[in-house]
Engineer: 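Starting off with a structure, shown below.
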Amino acid sequence: MTQLVFIVCAIIIIFIVVYRMDTGENAYKYVSQQISYAYEQYAPYSFKVVREKVKELGQEYTSRQYTIQIAVFAISAAVISYLYFYSLLISLLYSIAAVSVIPYLTYLRCKRLYSEFLFEQVQVYTTNTIMEFATTQSFVKSLEGVYDSGVLEDPIKSDVKMMIDLAYTNGTIEQSLEYMNDRYNYYIVRNMHQLFLQINNEGSKDAGESLENMSQDIDMLVENVYRDRMDRQAFHKKFLQFGIVLYLMVMLVQFLLGVENYINMLNTWWVQVLLHGIVWLNTWFLLNGEKYYNEDVGAE
């Protein structure tokens, strides 16, 4: 019987690896205040800026949503771990561990939303600069037109203002372009700047056609990025569903062995280690899947 448990658990582990490689209000206020205080003290400045922008965009979770998330994580971890170990103490520990993952998931989510926001702003910046240049025939005047139009938001709006100031201070656009390229390492930004630099230095006569081609390239890139987002969302939904199913495969083991036999097997130390390994392995892959889903969104 022990050999059968070991074989079934080993099959579950192999299956997980192969699949993943292929594919109280006052109390809550007190806790949230303490977490916010610790966050303000120790969180990286860059992430503070990111989260403030997410709040400004109105996409930050409300207190009610965070409360529901905490409850779902805690209850789910307690139920799943109890099915594995039939121990209230272990269920409590796993519930605490599950809740402790929420700040990391919040970090990933905020980075994704900020990345999407930046890409949309880069699209607005490049598209409108090309359109303005068709009228002004001056890169700096184009930047001023885009800046004054009100279509940009910080931080790109402030960076465009910096580009304008650098251009007037230096009497050339080279440093302005370098500044923006360093700030936003996007293919469409660098190519557009290179084209404007060429026009500025060489006075290209067919600039209109080149800019039109670049505008079409930008539209095509944006279409591809949004298609990638939809593909990621579809993958993410299936990924989470299958992850939950993998956790519940312990019920299959109990069905094969019988609950009483399974509970008796829990007295063996290596069975406990093996079961903990299954839980942690699946959790590790789930977190890596979340990391993949939230990273490089809008990047090229």
Side-chain angles (χ1 to χ4, degrees), residues 2 5-6 8-17 19-20 24-36 38-39 60-110 236-294:
T2 59
V5 174
F6 180 83
V8 173
C9 291
I11 291 174
I12 294 175
I13 292 178
I14 295 172
F15 184 66
I16 293 173
V17 174
Y19 174 81
R20 298 306 187 187
E25 188 175 356
N26 291 333
Y28 171 78
K29 287 183 178 180
Y30 173 77
V31 172
S32 62
Q33 287 174 356
Q34 295 303 310
I35 293 175
S36 297
Y39 166 80
E60 169 72 333
Y61 282 164
T62 63
S63 298
R64 181 174 179 273
Q65 288 173 312
Y66 275 120
T67 302
I68 293 174
Q69 187 181 34
I70 291 172
V72 169
F73 273 59
I75 294 172
S76 299
V79 171
I80 291 173
S81 59
Y82 189 79
L83 288 174
Y84 273 82
F85 305 103
Y86 289 91
S87 169
L88 293 177
L89 176 60
I90 293 178
S91 293
L92 177 61
L93 294 176
Y94 270 107
S95 293
I96 295 173
V99 172
S100 67
V101 172
I102 292 178
Y104 175 67
L105 298 179
T106 301
Y107 165 77
L108 292 177
R109 177 178 177 272
C110 287
H236 184 241
K237 183 178 180 180
K238 295 179 180 179
F239 180 85
L240 292 180
Q241 290 174 345
F242 197 83
I244 294 173
V245 170
L246 289 178
Y247 278 127
L248 298 178
M249 285 186 71
V250 68
M251 298 176 66
L252 175 61
V253 177
Q254 296 183 34
F255 174 77
L256 294 174
L257 300 178
V259 176
E260 291 185 4
N261 290 331
Y262 177 84
I263 293 176
N264 290 332
M265 292 299 302
L266 292 177
N267 295 324
T268 306
W269 69 269
W270 62 265
V271 173
Q272 290 268 349
V273 172
L274 187 60
L275 292 174
H276 281 292
I278 292 174
V279 173
W280 283 99
L281 179 63
N282 196 43
T283 302
W284 181 78
F285 276 120
L286 278 173
L287 290 177
N288 273 272
E290 284 295 305
K291 186 172 182 290
Y292 164 78
Y293 170 66
N294 288 283

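Keep in mind that this is a model prediction, so the values were computed, not measured. For reference, positions follow the sequence shown, starting with 1. Side-chain atoms are counted along with the backbone in the values below, which use heavy atoms only and exclude waters and symmetry mates.
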Engineer: Among all residues two or more places apart in sequence or in another chain, which pass the salt bridge (Lys or Arg N to Asp or Glu O under 4.0 Å) test with E290?
Structural biologist: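 Applying salt bridge (Lys or Arg N to Asp or Glu O under 4.0 Å) to E290 gives none.
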
Engineer: With heavy-atom distances below 4.5 Å as the criterion, would you say the side chains of V279 and L275 are in contact?
Structural biologist: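 Result no, sub-4.5 Å side-chain heavy-atom pair not found.
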
Engineer: With sequence neighbours left out, write down each residue that passes side-chain contact (heavy atoms from CB on, under 4.5 Å) with I75, or none if nothing qualifies.
Structural biologist: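 side-chain contact (heavy atoms from CB on, under 4.5 Å) check on I75 returns V79.
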
Engineer: Is the side chain of Y247 donor-acceptor paired with the backbone N or O of F242 at a distance under 3.5 Å, no angle test?
Structural biologist: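 Looks like no, no N/O pair under 3.5 Å.
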
Engineer: Does the side chain of Y104 come within less than 4.5 Å of K291's, by heavy atoms?
Structural biologist: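 Touching, per the 4.5 Å side-chain cut-off.
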
Engineer: Going by the rule side-chain hydrogen bond (donor to acceptor under 3.5 Å, both in side chains), which residues pair with Q272 if we only count those two or more places apart in sequence or in a different chain?
Structural biologist: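 Partners of Q272 by the side-chain hydrogen bond (donor to acceptor under 3.5 Å, both in side chains) criterion come out as none, since no residue qualifies.
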
Engineer: Looking only at heavy atoms, which two atoms of L287 and L105 are closest? And how far apart?
Structural biologist: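 Nearest pair, atom of L287 first, then L105: CD2-CD2, 4.1 Å.
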
Engineer: Does anything in residues 263-280 pair up under salt bridge (Lys or Arg N to Asp or Glu O under 4.0 Å), and if so which pairs, sequence neighbours excluded?
Structural biologist: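 Matches after skipping sequence neighbours: none remain.
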
Engineer: Listed by chain and number, what are the side-chain hydrogen bond (donor to acceptor under 3.5 Å, both in side chains) partners of W280, not counting sequence neighbours?
Structural biologist: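 Applying side-chain hydrogen bond (donor to acceptor under 3.5 Å, both in side chains) to W280 gives Y94.
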
Engineer: Kindly compute the distance separating CG (L274) from OG1 (T268), expressed to the nearest 0.5 Å.
Structural biologist: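 If I round to the nearest 0.5 Å, the distance is 11.5 Å.
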
Engineer: Could you check whether any side-chain heavy atom of T67 comes within less than 4.5 Å of a side-chain heavy atom of T62, counting everything from C-beta outward?
Structural biologist: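 No - every pair of side-chain heavy atoms lies 4.5 Å or more apart.
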
Engineer: Evaluate H276 against F85 for side-chain contact (heavy atoms from CB on, under 4.5 Å), listing each step before the verdict.
Structural biologist: CA-CA 9 Å; H276 281 292; F85 305 103; 3.4 Å; yes

Engineer: Nearest 0.5 angstrom please: L88 CG to Y86 OH, how far?
Structural biologist: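 Output value for this atom pair is 12.5 Å.
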
Engineer: Do M249 and L246 have side-chain heavy atoms sitting under 4.5 Å apart?
Structural biologist: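 Result yes, sub-4.5 Å side-chain heavy-atom pair found.
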
Engineer: Quick one: are Q241 and V245 in side-chain contact, heavy atoms under 4.5 Å?
Structural biologist: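 Sidechains of V245 and Q241: no contact.
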
Engineer: Which residues pass the side-chain hydrogen bond (donor to acceptor under 3.5 Å, both in side chains) test with S95, not counting sequence neighbours?
Structural biologist: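 Per chain and number, S95 pairs via side-chain hydrogen bond (donor to acceptor under 3.5 Å, both in side chains) with no residue.
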
Engineer: Only counting residues at least two apart or in another chain, list the ones meeting salt bridge (Lys or Arg N to Asp or Glu O under 4.0 Å) with K237.
Structural biologist: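 So K237 forms no salt bridge (Lys or Arg N to Asp or Glu O under 4.0 Å) with any residue.
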
Engineer: Apply side-chain contact (heavy atoms from CB on, under 4.5 Å) to L248 and list each qualifying residue two or more places apart in sequence or on a separate chain.
Structural biologist: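 In terms of side-chain contact (heavy atoms from CB on, under 4.5 Å), with neighbours along the sequence ignored, L248 is linked to I80, L83, I244, M251.
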
Engineer: Do I90 and Y84 have side-chain heavy atoms sitting under 4.5 Å apart?
Structural biologist: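 Heavy-atom side-chain distance check fails, nothing below 4.5 Å.
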
Engineer: Mind checking what makes side-chain contact (heavy atoms from CB on, under 4.5 Å) contact with Y61, not counting sequence neighbours?
Structural biologist: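 Q65, Y66, Q69, R109.
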
Engineer: Considering only residues two or more places apart or on different chains, which pairs with a residue in residues 70-82 satisfy side chain to side chain donor-acceptor pair (under 3.5 Å)?
Structural biologist: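 Non-adjacent pairs meeting side chain to side chain donor-acceptor pair (under 3.5 Å): S81-S91.
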
Engineer: Got a donor-acceptor contact below 3.5 angstrom from the N282 side chain to the G243 backbone?
Structural biologist: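 Yes, N282 side chain to G243 backbone: donor-acceptor pair under 3.5 Å.
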
